[in-house]
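Heads up: the structure comes next, in structure tokens.
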Amino acid sequence: MTFTKKVLEVVKTIPRGQTMSYCQVAALAGNKKAARVVGTILSKNYDPAIPCHRVIRATGQLGKYNRGADKKAALLKQEKQENYRPQ
DNA sequence: TAGTTGACCGGAA
DNA sequence: ATTCCGGCCAACT
């Protein structure tokens with residue numbers, strides 16, 4: 001299992017309405033200092049099974065998104081709302 | 001092939 | 001409080 005795969009797996013396991021920082025993902029993937037790599041991988045990896053929009057910066061900022069930061073914010077907001085109202 | 005860049009983070013000055 | 005530096009791995013030139 002390479003770091004890249006691990007990162008993708010970790011991001012895949014992020015629950016709905018919940019966000020995780022690149023640092024967290026990197027730590028779970030095995031390398032706490034590889035937050036940068038996480039961003040690189042996610043930016044390249046287009047995959048509907050990988051909710052990269054749930055990965056934000058450790059400072060609380062949303063950071064960037066391959067489909068637009070606006071979409072990221074909107075999706076997160078929506079998911080949070082849906083999390084508050086299941087089904 | 002080698003060097004640079006990049007959706008980042010933490011610590012130091 | 002802000003600004004700078006090192007570290008990690010993948011993709012691009």
Side-chain angles (χ1 to χ4, degrees):
Chain A
M1 193 60 116
T2 64
F3 185 76
T4 313
K5 293 278 196 168
K6 282 184 185 173
V7 169
L8 298 177
E9 287 292 311
V10 171
V11 175
K12 249 190 282 189
T13 52
I14 301 178
R16 236 161 161 272
Q18 188 165 3
T19 57
M20 208 186 294
S21 66
Y22 296 92
C23 181
Q24 296 273 138
V25 176
L28 292 178
N31 268 336
K32 197 175 184 177
K33 303 182 185 171
R36 207 169 183 171
V37 193
V38 175
T40 308
I41 296 165
L42 293 182
S43 64
K44 280 301 294 175
N45 233 99
Y46 271 70
D47 201 314
I50 302 168
C52 24
H53 63 265
R54 297 193 195 148
V55 185
I56 64 174
R57 299 198 61 187
T59 54
Q61 301 306 108
L62 297 179
K64 290 194 181 177
Y65 188 50
N66 48 22
R67 288 170 76 188
D70 326 350
K71 286 281 188 176
K72 188 171 184 176
L75 284 168
L76 285 174
K77 190 182 174 189
Q78 188 172 15
E79 289 192 356
K80 277 181 198 172
Q81 240 175 38
E82 288 181 8
N83 183 42
Y84 185 74
R85 284 190 302 229
Q87 294 320 327

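Labels below follow one simple rule: chain letters A, B, ... track the order of the sequence lines, proteins then strands, and each chain is numbered from 1.
Counting only heavy atoms from C-beta on, A:Asn31 has its side chain closest to C:dC8 among B:dA7, C:dC8, B:dC8. Proximity note for A:Cys23 (side chain, C-beta onward) versus C:dC8, B:dA7, B:dG10: the nearest is B:dG10. Here the nucleotide nearest the side chain of A:Lys33, chosen from B:dG6, B:dA7, C:dC8, is C:dC8. Comparing B:dC8, B:dA7, C:dC9 by their closest approach to the side chain of A:Phe3 singles out C:dC9.
By the 4.5 Å heavy-atom criterion applied to side chains, A:Arg54 and A:Arg16 are counted as neighbours. With a 4.5 Å cut-off on side-chain heavy atoms, A:Val55 and A:Leu42 count as touching. The side-chain heavy atoms of A:Val7 and A:Val37, taken from C-beta on, include no pair separated by under 4.5 Å.
Looking at heavy-atom distances under 4.0 Å, A:Lys44 makes contact with sugar-phosphate atoms alone, never a base.
Distance, A:Asn66 CG to B:dC8 P: 13 Å, rounded to whole Å. A:Ile41 has its CD1 atom 15 Å from the C1' atom of C:dC12, to the nearest Å. C:dC8 atom P lies 14 Å from atom NZ of A:Lys32, rounded to whole Å.
Remark: A:Glu9 does not engage A:Lys6 in a salt bridge, criterion side-chain N to carboxylate O under 4.0 Å.
Between the side chain of A:Tyr22 and the base of B:dA7 there is at least one donor-acceptor pair of N/O atoms closer than 3.5 Å. The base of C:dA10 does not come close enough to the side chain of A:Thr40 for any donor and acceptor atom to sit less than 3.5 Å apart.
Residue order along DNA chain C, read from the 5' end via each residue's closest nucleotide, puts A:Arg36 first among A:Arg36 and A:Thr4.
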